[in-house]
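Heavy atoms only: backbone and side chains are in, while hydrogens, waters and symmetry mates are out. Throughout, protein chains are lettered first and strands after them, A, B, ... in sequence-line order, and every chain is numbered starting at 1.
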Amino acid sequence: VQLVESGGGLVQPGGSLRLSCAASGFTFNNYAMAWVRQVPGKGLEWVSVISGSGSSTNYADSVRGRYTISRDNSNHTLYLQMNSLRADDTAVYYCARDFTITIYGVLITWGQGTLVTVAT
Amino acid sequence: EIVLTQSPATLSLSPGEGVTLSCRASQNVNRYLAWYQHKPGQVPRVLIYETSKRATGIPARFSGSGSGTDFTLTISSLEPEDFAVYSCQQRSNWPYTFGQGTKLEIK
């Protein structure tokens, strides 16, 4: 079982990035998937979650309207489109597998994370 | 939003000692409380979910208890690989939230 994030990097305030998470070793569409972030030196924060079918999503208030979570079950890939980025979005972003096909809220597999830095 | 407060922030202990970590919720989360372990440079992993259920592959020295707003994670006898950051997380209400973490360091 493996989750590999990509797409992080340095972006200016107001800019956009799209994170990807390639999944392998399990039946991707059988699990809800999530993005969780961690500001260096701070605690973890749920960003967004999507059900196995993609029909149900949730967002943290801090990103709602700016971020969009999506998934391509045929290619076993999870995405996070991040727009209107702000300095306080700077964090390591983790992709994670939820416990069941519906949004459950227990993350049983995590990726290594990708760093997003929002700065001029 | 449910706030989870963990205490203490840091603990210095020796291998072989036992430890109990605390997590207090700002409102009732029933038993929808999980614990994660996170080491620098490594992937976080879930230890306990639904307050007291050990995740697959987690050693029996890890146990969880509590209900409502007060929860604990107990490690019966610390192994060298247990020195890490431990975070609690609730799934009772969206947004799901984490505590700020307790760091276990070697004395």
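Of the atoms belonging to A:E45, it is backbone heavy atoms, and not side-chain ones, that fall under 4.5 Å from chain B. Heavy atoms of B:Y36 lying under 4.5 Å from chain A belong exclusively to its side chain. In this structure, no portion of A:L3 lies under 4.5 Å from any heavy atom of chain B. Only the side chain of A:Y94 comes within less than 4.5 Å of a heavy atom of chain B; its backbone N, CA, C and O stay farther away. Of the two parts of B:Q6, neither the backbone nor the side chain holds a non-hydrogen atom closer than 4.5 Å to a non-hydrogen atom of chain A.
The residue from B:S65, B:C23, B:S63 that alone fulfils the side-chain contact (heavy atoms from CB on, under 4.5 Å) condition with B:T72 is B:S65.
Of the listed residues (B:H38, B:E1, B:Q42), the one with the most heavy-atom contacts under 4.5 Å to chain A is B:H38. Residue with the most contacts toward chain A among B:P95, B:P44, B:A55: B:P44 (heavy-atom pairs, distance under 4.5 Å). Between chain A and the residues B:Q90, B:Q89, B:Q100, the largest count of heavy-atom pairs under 4.5 Å involves B:Q89.
Side chain to side chain, B:T74 and B:T20 meet the donor-acceptor criterion of an N or O pair below 3.5 Å. In this model, no donor atom of one side chain and acceptor atom of the other lie less than 3.5 Å apart for A:T120 and A:Q12.
Without hydrogens or angle criteria, B:D70 side chain to B:R24 main chain gives no donor-acceptor distance under 3.5 Å.
At least one cation-pi condition fails for B:R54 and B:F62: the charged atom is not both under 6.0 angstrom from the six-membered ring centre and inside a 45 degree cone around its axis.
The existence of a salt bridge linking B:E81 and B:R61 is confirmed by a sub-4.0 Å separation between a basic side-chain nitrogen and an acidic carboxylate oxygen.
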